[in-house]
Structures are given as structure tokens and as C-alpha cells.
Number of protein chains: 2
Amino acid sequence: MNRSNSGANLPALRSHNAALVLDLLRVAGGAGISRLELAERTGLTPQAVSKITARLRAEGLAAEAGHRASTGGKPRTVLRLVPDAGYAVGLHLDRDELTVVLVDLSGAVAVSSTAPLDFGAPADEVLAAATDAVTAVRDGGAGTGDRRVLGVGVAVPGSLDHRGGVLHRVTGFPQWDGYPLRDALAVRTGLPVVVDKDTNAAALGLALRAAGGGDFAYLHLGTGLGAGLVLGGAVHRGARTAAGEFGHQTVELDGPVCGCGGRGCIEALCLAAVARGDVAEAARVLGTGAANLVGLLDIDRVVLGGRTVAADPETYVRGVRAVVDERAGRGGADAPVPVVVAGGGDRPVAEGAAQLVLAPLFGRAAGADGA
Amino acid sequence: MNRSNSGANLPALRSHNAALVLDLLRVAGGAGISRLELAERTGLTPQAVSKITARLRAEGLAAEAGHRASTGGKPRTVLRLVPDAGYAVGLHLDRDELTVVLVDLSGAVAVSSTAPLDFGAPADEVLAAATDAVTAVRDGGAGTGDRRVLGVGVAVPGSLDHRGGVLHRVTGFPQWDGYPLRDALAVRTGLPVVVDKDTNAAALGLALRAAGGGDFAYLHLGTGLGAGLVLGGAVHRGARTAAGEFGHQTVELDGPVCGCGGRGCIEALCLAAVARGDVAEAARVLGTGAANLVGLLDIDRVVLGGRTVAADPETYVRGVRAVVDERAGRGGADAPVPVVVAGGGDRPVAEGAAQLVLAPLFGRAAGADGA
DNA sequence: GCCACTTAAGCAACGCTGTTGCCATAGTGC
DNA sequence: GCACTATGGCAACAGCGTTGCTTAAGTGGC
């Protein structure tokens, strides 16, 4: 088990194992997975897996889906996740745009929409727009009978308190400082709400597309430069939800002054290169930060995103990969760390926000740090 | 529970809760802790705590130690860890020196010794010296009746594979590349052996002196510059035990060439400043890296160590603290991140190595990453 | 000095967990 | 058609924390 500070009883044991199985079903996707594979992966006995999957089937979360070819005996029964057993709303509040998605348990987007937003408007107006967007996707799309919506995940720019769901100051929008977004939206929608930084949401969503507990970094280059970290399968937030402050790391001692008051911040250098059209240099600077990160945390995979990257993804991937590979080569690493770009424009953030709600179901809630 | 990839059964549940209680007893130290406090901290019922502590007492790991003052009813019985219920050997193999310690469950050093070592000598010779040192501390000291030694933790410089206990190349000592140190020493001593990087060991040992699952960084400045990270109470190693590569992060784009082949590595800049006697500049450079780290991971506490730091601890602490505080102030953090220096010269590494053996007892084994 | 009250800790019964031993089911191959 | 193999469920079981109640050990009022 883990190093969480709380004791475990039988219900906790049960939900831990159920989450584990559910996560394996999720990762298996449409292909499904058999009971014996589940037993091997979890270390539980086949009988225990049978009991657990029976419960999941009774709850409607899992279903049998055909059989594998026999290997000399009774063929294995394939189980898969029932995607529409639950949904989550993902809401991305950006500075000028609102994106909302409805995703099912498998992570597939059922409904999605985008609208302009003035994040600088009074809180009530923004909240009303957000509430309307949530209501719209809950009722939208075809076959909208009785969808079980588990909650709303909200991704916002800037720093905040994840535990309390309270925003801190967002650069350029001081009126949000101290605003209890989680509780306010929970009252309006009648749903549980989780709030997190946009980069954390994106990182979670992108990390969940792959299996396992690998360590993962998402680097977002848009109007600013930030990072989301997923360590051991869960978002690493730190005690104050302040982790991921990637843009203001110093990569040039006594370098040019940054808007934050520091000197030689990677964000300032990167954005300056972008501003003068030197994409290759921006990618090299970004790659330097990525290489620092990979070396420091032994990250397994780096994903780039954000509008600026989306404008010229190949140059950024090539530039970042070059720096990361070169550094890794010096360290004697065997396999290079993959560097890829996130697809889908800004939607990964909204999808990741929805995953903030779903992740606990799959045992991927953060540990002692940011739960 | 956690996001480990393995299922949990009743014995796992039991040992999880036992470890949790044991960790609270360890942190409480000589002051002890009552059953009801344990119940509050763990979230378990008082009755469950009674059962768990009864088992621990039966195994000799815990004992009753007096009573608290009454608050109107039966006074609480204080429980404490029995330190000599188990010991661990910590071995620090450095480039020119061998340090060995015997610590008890509470982390107190019972026996300790240091001897010169030629790490460049043939492996057999080094191993023989290490084995002798282990044997000496097992039998050394007073009242050496029947100490239960749980294992040997070994800290070595340079990169390695923690899982397999195999060394990679150590700068300047290529003959160790691929050497199966763990198994070799396990055979010679007849004890379980755990191998880790010196910085990781030091970080673990220093982090365990405080309670809780805070995120902690140890920065070691000696012949090189490295870091050990403790996230959520356990060492963060990454999938390849490569995390903590702090010294070769770039803090000056196109800066001076470093021995690693890169440019502007923090290690090169820091050591260059040390070489020309500019301790304040070295501290500033180190502080820049520390601030990068604190911002990226939302680290709670930074500890400095290593011979170079030990030569002028106050200047380093002051310099690093200045940079970290200044950066934190810009980010709007409330409380400054403490920056302190590790006491005890090189012994923290050996003590931490011993904690590599003890940590699992207290539920602080690494998670999916490096277990 | 006695009694009422409060708090701590243990005993016994209980519900629920995963495990074990055994059996039914459903295929393959001779 | 039979022997064999692998899958998966049924039933009994040991062990976990929980619940309800009892006993132990103090304080404070009268």
C-alpha cells in the first residue's frame, strides 16, 4: 500500500482493489481484458478478481464482451469498461474562451463546445456562463436519457488552492483573488466540483491516455509558460498547489528582466524568441528547461502543448527533442525520452479537467500532497 | 490507499496499518504517543489501534511508557517505539573514505566508524573492506548481545540501478560499471542489502527526522553537485534511479563548457566560483538551482550538505536562502521555504543509508517508481 | 469518605474482505 | 467420443477493522 497518512479499513481495501481493476479495464479500452490477466497484473487471486468484477458488473461499471481464443481449455472471457456508466464535465476557463466537454468513463468526449469568454468580467457573470455551459452539455447531444454525471472539473489559469477550491491571483485578473470557485459552482450546478490549474488538468488528461504509473510532464507554451507534472500516475501539486512553476526557472543568470521581477526566466527568453519570430531558438530554450526537468525527475515522457506550440508543432518538437536527447546521451541513458505534441488544440485541458473528477475512481487521486 | 499497481489483501492491509502506527511512534520519539492520538491521526477506531498496538507490543516493537496527566478520566497510556528491537547498518562508500554506522529503529546511531578507502581498488578489495566494516559494527559497541540486524543500506556516488542493486559508471572509477553490488554484499554478509545513490540516502535520512509527507530536497555540494528528493515521504528515484540530476541543469544558456560536455551547467558554474574563492557567488548559483527546484515541485524544505558547504555553511545558507526567498516573494508565497544545513559532516549519508533498510518498516518505501 | 461522572482501554460478536479447496463449464486434440 | 486443459463459480474459512458493551482508573462535588 502507500504512504498516505490515513489508516485503511475493509471498505478502503475494497475500493482500492476495485479502482485498480477499473483502471486496468480503462487502459485496456475496447480490446478488453480477461479476469486472469487482471489477476496477474494486480497480484490478487483469480477468485478475488471474479468477486470484484462481479461487483463491478452488478454496479454497471463493467461488462462481459466476448471471448478470447482458447489455448487448450475454456476460453477466457473478456471484460471491458462500460463507458456510459458515468460521465464527467470538464470546464476550461481561459482568459478569452470557455471550453466545456462531457466525457464518459473511458475518456471519450461525448459533447463539446467552445464559446468566447471575458474572464475579466464580474465573477457572477463568468459563473453564470460556466453554469450554463455545464447545463448545456448535461442535456446536450443525442440519447440524453439519464446520464449519471459524477461531477465537474474546472481548469483555470494561474495559481490556486486545489484543496479548498479557492483561486489566488490570476495575472491580469486580480478580482479572482480569494474567490471560492469550487463551492460557488457546486451550489449552482448541484454537482461536486474540483478545481485545478490548467496545466495540471492537461497533464492528467494526457497522462491517462497511457498506462501505468510513469512520470510525465506536460509543458504548456501559450501566453505564459507552465508545466503540469504527473508522478506515479497522479498529479503532483505540492502542499500549496504551487508545483509546476516552470516558466520562472532561471536558465540565464543575470539574463534579461522578466515580468515577474526576476532575471533570465525561461518564460521571458522563450516568449522573446517567439516575439521576434525565432521559433528554433524558442524551441531550444524550451528544450533546455525540459532537459532540466527530465534530468531532475527522471521523467518518462514529455508532451508539449499550448497555442504557441500548436502554431508550429514540428519545429518545437524537433528543437526540444534535440536538447533532451543530447543531454540524455551525455548521461548515458539507453532509450531516449519521447517528446511529442498534444493534439486537439485547447481541448486537452478541458478533457483533463473532466479527468480530475474521474481519476479518483481509477485510484489516481493525489497522495498526501494535494488530496 | 495509493496508486501502486498491486492489489491489496488482508495481510497487506495489516502491515500497512502497522507501518502507519509504527511511523507515528517513530516520529513521536521519546515523548511517546497515546492510543487515542494514534486513532485520531490514522482515522482508525480506537479499538483497531488497541489491537494493532497489542500486536506491536507482542512483537517487541512497541512498549508502554507511563501515562499522561488525566483530563478528568482515566489517563492516557503513552506508547513508544522500542528502539533496540531492530538495527540497520548504513554504509557510505565514498571516493576516498568509508563510513559505517549501526542505527536502531529510532534512527539513533549506536556504533559508527570511518576509515580511508581507495574506491579505485579492485572490487574484491573494496568489498572485503565493506564486509569487514559491517561485521565490525555488528559486533562492536557495548552490550552486543543479540542485536537483530535487519539489513545493510549502501550509499555510493554516481548513478546506479536501485532495483537491481547494480552500479553504473562512477565518474573516475569505470571498473564499477555493471557491478552487482547488492547481491555481492548480500552473499558476503548474509544480510539483505539495499543500494542507492549517496544523495538519495542523505535525503531520506534527513527527511525522516521530521514528521509527515512533506516534499523535501537535499542538495549536496562536494566534488560534484547533486540532489536527493523525498516526495510524499518516500525517495523519488524515477524509473531508472536517475532522478536528482541537479548538477547538470542549465542555468546559463551558452555558458562555460562543463565536464559533462554541456554548457552552463550549474555544477560547473558553482565549482568554478568555489575554485576562485568566491563563496558568495557559488551560494547564489546554488540558490538559483534551489529556487528552480522549489518552484517546480513546491518543495517544503531545503537542506544543504557536502564538504564544500560544510567549509562555510553560513555563507551558503544565507546565499541560497536569499535567492529562494526572493523568488518565493515574487510568487506570493506566505511562508518562506526553510533553508538549513545538514549537521554531522558526512555521517548523514551513512545514516540515511541505514534508513534505506528501515524506511519500508514505516511505510516509506517508494511507490510505483523505484520500488 | 462516598458517589457521580468522565475518559481510556479491552472483550466478544459481527460483517466483510480475500483465500483456499473443490466442482461445473467449455473448449482442444487424439 | 474420450481424455485433457484452462476458466470461473460455489462454499467454507481465516483474519481484518467495527460495533456494542463492560471494566479500569482517574477527577471533582458534597
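Note on naming: letters A, B, ... go to the chains in the order of the sequence lines (proteins, then strands), and numbering restarts at 1 for each one.
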*asked:* Whole angstroms only, please: what is the CG-P distance between B:L20 and D:dG17?
replied: 11 Å
_Which is more 5' along DNA chain D, the nucleotide nearest A:P11 or the one nearest A:L36? Just name the residue._
A:L36
*How many Å lie between NZ on B:K51 and P on C:dC14, as a whole number?*
14 Å
*asked:* OP1 or OP2 of D:dG9 versus the side-chain N and O atoms of A:R57: is any pair under 4.0 Å?
replied: yes
*What integer distance in Å separates B:L13:CG from D:dG15:C1'?*
10 Å
*Can you tell me if B:T241 uses its side chain to pair, donor with acceptor, with the backbone of B:H162 under 3.5 Å?*
yes
_Considering every strand and a 4.0 Å limit on heavy-atom distances, what is the contact class for A:S34: base, sugar-phosphate, or nothing?_
nothing
*With respect to the phosphate group of C:dT19, does any side-chain polar atom (N or O) of A:T45 fall under 4.0 Å of OP1 or OP2?*
yes
*asked:* For the CZ atom on A:R41, are there more than 12 heavy atoms of other groups (residues, nucleotides or ligands in this structure) within a distance under 6.0 Å?
replied: no
_Closest-nucleotide mapping onto DNA chain C: is A:H67 or A:R55 further toward the 5' terminus? I mean the 5' end._
A:R55
_Could you check whether any side-chain heavy atom of A:R364 comes within less than 4.5 Å of a side-chain heavy atom of A:R26, counting everything from C-beta outward?_
yes
*Starting from C1' on D:dC13, measure out to CG on B:L10 and report it in whole angstrom.*
12 Å
*Take atom CZ of B:R76 as the centre, draw a 6.0 Å sphere, and report whether it contains more than 12 heavy atoms from other residues, nucleotides or ligands.*
yes
*Quick one: which of D:dG17, C:dG18, C:dG10 gets closest to the side chain of B:S50?*
C:dG10
*asked:* Can you measure B:L44 atom CG to D:dT18 atom P for me and round it to whole angstrom units?
replied: 6 Å
*Using atom CD of B:E64 as one end and atom C1' of D:dA24 as the other, report the distance to the nearest whole Å.*
13 Å
*Checking only heavy atoms, does the side chain of B:Q47 share a donor-acceptor pair with the base of D:dC21 at less than 3.5 Å?*
no
_Separation of atom NE2 in B:H16 from atom P in D:dG17, rounded to whole Å_ = 10 Å
*Report the distance from atom CG of A:L38 to atom C1' of D:dG9, rounded to the nearest whole Å.*
16 Å
*Please tell me which of A:R35 and B:P75 maps to the more 5' nucleotide of DNA chain D, matching each residue to the nucleotide holding its nearest heavy atom.*
A:R35
_In the structure I gave you, are the side-chain heavy atoms of B:D183 and B:V193 within less than 4.5 Å of one another anywhere?_
no
